[in-house]
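Quantities reported herein were computed from a predicted structural model and do not represent experimental measurements.
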Amino acid sequence: MNAEGTSKLDELAAAFADDLTSLTRGVLGEDTPRFAALNTGTRVRVSPIAADERELRIPVSINDEPVLSLRARYFCCWDGSSTFLATDQADIHLHYVGIPDPLIRFEYVRNSKEPPGAHIQVHAHRDEMAYLLRLADAGRPKQGFKRRKLPRLSEMHLPVGGHRMRPALEDVLLFMKREFAIETAPGWRKVIDDRLRNWREIQLMSAVRDAPEAAAEVLRTLGYTVQPPTVIRPRVAAEDVKLYWP
């Protein structure tokens with residue numbers, strides 16, 4: 001990558017970092033640490049960091065107790081056409097305060113098919129989750145294993161819809177609010193709703209680029225006039241189309 005390409009990638013990643021800061025502060029409050037973009041050579045890391053470039057976790061409170069923290073880290077790169085910012089890897093880990101292992105890991109690895117690129121891994125034991133659910137009760141609605149070893153739940157990679165329709169940080173924040181009644185800032189729901197709409201439209205556009213003929217057919221059934229391009233851009237091999245990856 002040349003210097004101009006690196007500079008543009010840094011610029012896009014910095015804008016992404018600002019978006020994540022806006023999201024988390026809009027949901028969890030203005031004291032939430034700021035996300036920043038740090039070029040690591042081949043990728044740009046986007047995460048909340050301190051002045052010494054140390055990664056920070058995002059504190060999350062339930063009933064005025066800071067009992068949870070969120071580790072959110074993204075590694076960004078160019079997409080296959082070197083046109084759009086892409087996520088090469090994403091790690092969103094939900095931690096109970098004072099416990100090194102996360103309760104739940106929401107992860108994404110761009111080039112992974114096996115295990116699924118987008119997956120969830122659950123480390124929490126039943127008692128830990130039960131405690132959090134009890135703590136949040138007032139805010140809840142009322143309604144590849146090692147051979148010869150019993151597998152642990154945390155070793156399972158639970159699929160979550162593939163590379164294009166995977167959960168975002170917004171989904172994780174909404175999950176914590178719904179299940180654990182975490183404390184949120186005024187107007188938090190509109191922040192999440194607006195960001196989720198934007199995220200899903202971005203992913204929809206990526207899916208359309210993966211399957212333009214299918215998208216054109218749907219648009220025709222809705223009454224749109226869609227003409228094939230006079231010059232067809234090169235397409236990736238069928239086995240490399242991420243829409244169809246697990």
Worksheet item: Stepwise, does the side chain to side chain contact (heavy atoms under 4.5 Å, CB included) test hold for Arg189 with Leu174?
Response: CA-CA 8 Å; Arg189 186 59 195 244; Leu174 192 57; 3.9 Å; yes
Practice prompt. Mind running side chain to side chain contact (heavy atoms under 4.5 Å, CB included) on Arg45 and Glu55 for me, showing each step along the way?
Written response: CA-CA 10 Å; Arg45 189 185 79 195; Glu55 280 192 18; 3.5 Å; yes
Worksheet item: How far apart are the C-alpha atoms of Met176 and Leu94, what are their side-chain angles, what is the distance that settles it, and do they pass the side chain to side chain contact (heavy atoms under 4.5 Å, CB included) test?
Response: CA-CA 9 Å; Met176 290 192 295; Leu94 178 60; 3.2 Å; yes
Worksheet item: How far apart are the C-alpha atoms of Thr184 and Leu173, what are their side-chain angles, what is the distance that settles it, and do they pass the side chain to side chain contact (heavy atoms under 4.5 Å, CB included) test?
Response: CA-CA 10 Å; Thr184 48; Leu173 292 168; over 6 Å; no
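Atom CG in Leu85 sits 7.5 Å away from atom SG in Cys77 (nearest 0.5 Å). Atom CH2 of Trp245 and atom CD of Glu114 lie 12.0 Å apart (nearest 0.5 Å). Atom-to-atom distance recorded for Trp78:CH2 and Thr83:OG1 is 7.5 Å, nearest 0.5 angstrom. The distance from atom OG1 of Thr42 to atom CG of Asp88, rounded to the nearest 0.5 Å, is 8.0 Å. With values rounded to the nearest 0.5 angstrom, Ile120 atom CD1 is found 10.5 Å from Glu107 atom CD. One finds the OG atom of Ser47 at 10.0 Å from the CG atom of Asp91 (value rounded to the nearest 0.5 Å).
When atom types are taken as modelled, the side chain of Thr32 and the backbone of Gly29 share a donor-acceptor pair closer than 3.5 angstrom. Side chain of Asn39 to backbone of Val44: no donor-acceptor contact under 3.5 angstrom is found. Using a distance-only test at 3.5 Å, with no hydrogens or angles considered, a donor-acceptor pair links the side chain of Thr40 to the main chain of Arg43. Looking only at distances, no side-chain donor or acceptor of Trp188 sits under 3.5 Å from a matching main-chain atom of Arg25. A side-chain donor-acceptor contact under 3.5 Å links Thr24 to the backbone of Leu20. With hydrogens and angles disregarded, a donor-acceptor distance shorter than 3.5 Å links the side chain of Ser112 to the backbone of Pro115. Without hydrogens or angle criteria, Asn63 side chain to Glu65 main chain gives no donor-acceptor distance under 3.5 Å. Side chain of Ser22 to backbone of Asp18: no donor-acceptor contact under 3.5 angstrom is found.
Among the candidates Lys190, Arg197, Arg200, Arg195, the single residue satisfying the salt bridge (charged side-chain N to carboxylate O under 4.0 Å, His left out) test with Glu170 is Arg195.
Residues Arg166 and Asp171 are not paired through a salt bridge, judged by the lack of any N-O separation under 4.0 Å between the basic side chain and the carboxylate. Between Asp210 and Arg164 there is a salt bridge, since a side-chain N of the basic residue sits under 4.0 Å from a carboxylate O of the acidic one.
Among all heavy-atom pairs drawn from Ala17 and Ala37, the shortest one is CB-N, 4.1 Å. Taking every heavy atom of both residues into account, Pro102 and His123 meet most closely at O-CB, 2.8 Å. In terms of heavy atoms, Val226 sits closest to Arg220 at O-NH2, 3.1 Å. Closest heavy-atom contact between Cys76 and Val46: SG-CG2, 4.0 Å. The two atoms that bring Arg57 and Pro100 nearest to each other are NH2-O, 4.2 Å, heavy atoms only. Between Ile62 and Ala181, the closest heavy-atom pair is CG2-O, 4.3 Å.
Under the 3.5 Å distance criterion, with hydrogens and angles disregarded, a donor-acceptor pair is assigned to the side chains of Arg209 and Ser206. When only modelled atom types and interatomic distance are considered, His95 and Arg71 share no side-chain donor-acceptor pair under 3.5 Å. Remark: the Tyr108 side chain and the His163 side chain contain an N/O donor-acceptor pair separated by less than 3.5 Å.
Using a 4.5 Å cut-off on side-chain heavy atoms (C-beta onward), Gln203 and Met205 make no contact. Between Pro159 and Pro246, every side-chain heavy-atom pair lies at or beyond the 4.5 Å cut-off. Counting only heavy atoms from C-beta outward, the side chains of Val67 and Val60 never approach each other to under 4.5 Å. Put simply, the side chain of Leu56 does not reach to within 4.5 Å of the side chain of Ile49, judged on heavy atoms.
Tracing side-chain contacts under 4.5 Å through hydrophobic residues (I, L, V, M, F, W, Y), one never reaches Leu12 starting from Leu38; they form parts of separate clusters. Criterion: ILVMFWY side-chain heavy atoms under 4.5 Å apart, direct or through other members. Under it, Ile58 and Phe16 are part of a common hydrophobic cluster. When hydrophobic clusters are built by joining Ile, Leu, Val, Met, Phe, Trp and Tyr residues whose side-chain heavy atoms come closer than 4.5 Å, directly or via intermediates, Leu103 is grouped together with Leu169. Both Ile99 and Phe106 are part of a single hydrophobic cluster, where members link through side-chain heavy atoms under 4.5 Å apart. One hydrophobic cluster holds both Val191 and Leu196 under the rule that ILVMFWY side chains link at heavy-atom gaps under 4.5 Å.
Taking the six-membered ring for Trp and thresholds of 30 and 60 degrees, Phe35 and Tyr74 have ring planes inclined between 30 and 60 degrees apart.
Around the CG atom of Leu222, the shell of radius 6.0 Å holds more than 12 heavy atoms that belong to other residues, nucleotides or ligands.
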